[in-house]
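Reading through the structure tokens given below for one structure.
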Amino acid sequence: MAFDYINALLKKEVTRTPIWVMRQAGRYLPEYRATRKKAGDFLTLCKSSDLACEVTLQPLDRFDLDAAILFSDILTIPDAMGLGLYFVEGEGPKFTHPLNTLKDIEQLLKPDVSKELSYVSNAVSVIKKNLKGRVPLIGFTGSPWTLATYMVEGGSSKTFSKVKALMYENPKHMHQLLDVLADTVIDYLNSQIEAGADSVMIFDTWGGLLNKESYESFSLRYMSKIVDGIKREYEGRVIPVTLFTKGGSAWLEQIAATGCDAVGIDWTVEIGDAERRVGSRVALQGNLDPSVLYASSEVIKTEAHKILDQFKGSTGHVFNLGHGITPEVNPESMKVLVDAVHSYPK
């Protein structure tokens with residue numbers, strides 16, 4: 001079955017500009033909040049295949065989206081490594097056993113993804129079965145650098161002082177950590193592909209914290225390793241891979257050179273400029289500012305069409321926000337956006 005989303009990533013002809021939205025299954029939907037309450041806590045929701053399937057499908061029942069994305073969390077890998085992931089309301093993720101010492105890093109082992117993260121591949125299988133071919137399914141992971149920031153900081157951070165200190169003072173240990181994470185991510189994404197994921201995406205949420213040299217050495221290098229290591233074809237399906245570095249607009253050319261199929265961009269770069277810079281090497285995904293969804297319907301349509309006007313069609317384009325949809329957005333605003341993209345003249 002030909003999907004516009006897959007075709008756009010592979011730079012093939014599409015019938016319309018495809019759209020999906022980061023965090024499209026999330027707190028802005030009342031039905032998600034109800035399922036989350038039923039689960040009791042966020043991790044239970046992630047680890048239940050049936051509940052993860054339920055929330056993955058919820059936005060598709062409301063909106064004419066062109067792809068589903070697996071409901072999970074980027075921090076499942078550190079949790080599988082024994083760091084003890086938990087969530088504090090209003091504070092975000094935390095770890096019971098963060099990487100506080102160099103010895104902690106030296107003793108860190110690659111988990112057996114088929115065992116420790118089997119609930120994720122099970123969820124992919126259940127979602128794929130329940131999608132019944134409606135739209136393709138996106139699998140995902142956090143980038144090694146992004147995962148490392150949480151593991152070293154012990155959770156969210158405003159300064160990222162611990163992980164940056166490690167990077168500058170003990171680069172050998174930083175690379176050791178990132179290597180283990182990259183190898184784990186390869187296994188993790190391949191398990192999602194084998195379970196039915198039609199494409200995969202790597203979220204490099206904190207790559208934009210780095211300068212050019214550090215970004216290339218500690219972030220992009222390991223995403224390149226993952227691109228080389230994952231299955232790009234499986235059971236007759238071509239599996240496109242998208243890389244997204246938030247705040248990474250300065251390095252679009254380097255990201256495009258990794259061999260990925262698509263580059264996600266945030267709202268700090270104009271899509272027309274991004275298209276000129278990458279040419280036809282990769283497709284582009286993005287890049288409406290999520291805050292536009294707080295505006296009126298007319299403004300949402302206007303801003304979406306501005307992006308579509310800028311895009312000249314020299315490569316593929318998947319419309320998305322420049323980052324995740326925020327919890328306070330009115331679901332009706334999401335519908336306005338989806339309809340605005342789909343109604344845009346080809």
Side-chain angles (χ1 to χ4, degrees), residues 19-65 67-80 82-98 116-132 134-135 137-142 146-147 150 154-157 188 192 195-197 201 203 205 290-291 293-294 320-321 323-338:
I19 175 174
W20 70 277
V21 170
M22 288 180 267
R23 296 183 187 152
Q24 65 188 23
R27 289 177 288 170
Y28 75 106
L29 293 176
E31 54 267 44
Y32 167 84
R33 294 195 294 270
T35 306
R36 164 72 172 75
K37 186 176 181 181
K38 178 169 64 176
D41 63 80
F42 180 74
L43 274 180
T44 299
L45 180 56
C46 290
K47 293 183 177 182
S48 165
S49 298
D50 289 337
L51 293 180
C53 176
E54 183 178 318
V55 295
T56 298
L57 299 183
Q58 283 171 351
L60 300 179
D61 294 334
R62 268 189 182 255
F63 315 115
D64 186 21
L65 294 160
I69 183 166
L70 162 71
F71 183 82
S72 188
D73 192 86
I74 63 170
L75 298 181
T76 52
I77 285 177
D79 188 47
L83 272 66
L85 176 64
Y86 66 100
F87 289 84
V88 176
E89 193 68 33
E91 296 183 35
K94 292 186 178 293
F95 289 108
T96 307
H97 308 292
E116 301 298 331
L117 291 166
S118 60
Y119 65 89
V120 177
S121 53
N122 289 342
V124 171
S125 297
V126 172
I127 295 165
K128 186 73 173 177
K129 180 180 178 181
N130 281 273
L131 277 172
K132 299 177 182 178
R134 290 166 65 184
V135 294
L137 176 62
I138 306 167
F140 74 93
T141 180
T146 291
L147 298 179
Y150 288 100
S156 301
S157 175
Y188 185 50
Q192 293 181 38
M201 182 164 172
F203 288 93
T205 309
S291 297
L293 294 179
Y294 293 120
N320 208 309
L321 301 179
H323 200 234
I325 190 169
T326 46
E328 297 82 12
V329 165
N330 185 330
E332 287 303 308
S333 296
M334 174 74 154
K335 184 179 188 306
V336 171
L337 174 62
V338 173

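Being a predicted model, the structure only gives us computed values, none of them experimental.
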| Considering only heavy atoms from C-beta outward, does the side chain of Pro59 approach that of Tyr28 to under 4.5 Å? | yes
| said: If the threshold is 4.0 Å, N to carboxylate O, is there a salt bridge linking Asp79 and Lys47? | reply: yes
| field | Donor + acceptor pair across side chains of Tyr119, Ser48 (<3.5 Å) | value | no
| message | Around atom CZ of Arg27, are there more than 12 heavy atoms from other residues, nucleotides or ligands closer than 6.0 Å? | response | no
| Spatial distance of atom CE (Met22) from atom CG (Asn320) [nearest 0.5 Å] | 4.0 Å
| Under 4.5 Å between any side-chain heavy atoms of Pro93 and Leu75, yes or no? | yes
| message | Under a 4.0 Å threshold between the charged nitrogen and the carboxylate oxygen, would Glu54 count as salt-bridged to Lys38? | response | yes
| From Met334 CE over to Phe63 CZ, what is the distance, rounded to the nearest 0.5 angstrom? | 5.5 Å
| said: Has Thr146 got a side-chain atom pairing as donor or acceptor with Thr205's backbone, closer than 3.5 angstrom? | reply: yes
| message | With heavy-atom distances below 4.5 Å as the criterion, would you say the side chains of Leu117 and Ile77 are in contact? | response | yes
| Roughly how far, to the nearest 0.5 Å, is CG of Leu65 from CG of Leu57? | 11.5 Å
| request: Could you point out which residue of Asn122, Ile127, Leu131 forms a side-chain contact (heavy atoms from CB on, under 4.5 Å) with Cys53? | output: Ile127
| said: With a 4.5 Å cut-off on side-chain heavy atoms, are Pro98 and Leu83 touching? | reply: no
| Close side-chain approach of Gln58 and Thr35, heavy atoms under 4.5 Å | yes
| task | Spell out, as yes or no, whether a donor-acceptor pair under 3.5 Å connects the side chain of Thr56 to the backbone of Phe71. | result | yes
| Do the side chain of Arg134 and the main chain of Ala67 share a donor and acceptor less than 3.5 angstrom apart? | no
| note | CZ of Phe140 to CD of Gln192, rounded to nearest 0.5 Å, is 7.5 Å
| said: Taking atom NZ as the centre, does Lys94 end up with more than 12 heavy-atom neighbours from other residues, nucleotides or ligands that are less than 6.0 angstrom away? | reply: yes
| said: Please find the pair of heavy atoms, one from His323 and one from Leu321, that lie closest to each other, and give the distance. | reply: O-CB, 3.0 Å
| said: In the structure I gave you, are the side-chain heavy atoms of Ile325 and Leu293 within less than 4.5 Å of one another anywhere? | reply: yes
| query | Going by atom types alone, do Thr76 and Glu116 pair a side-chain donor with an acceptor below 3.5 Å? | reply | no
| field | Between Phe95 and Tyr86, ring centroids under 6.0 Å | value | no
| task | Check whether any side-chain heavy atom of Leu43 lies under 4.5 Å from a side-chain heavy atom of Asp73, and answer yes or no. | result | no
| Side chains of Leu137 and Ile69: closer than 4.5 Å at any heavy-atom pair? | no
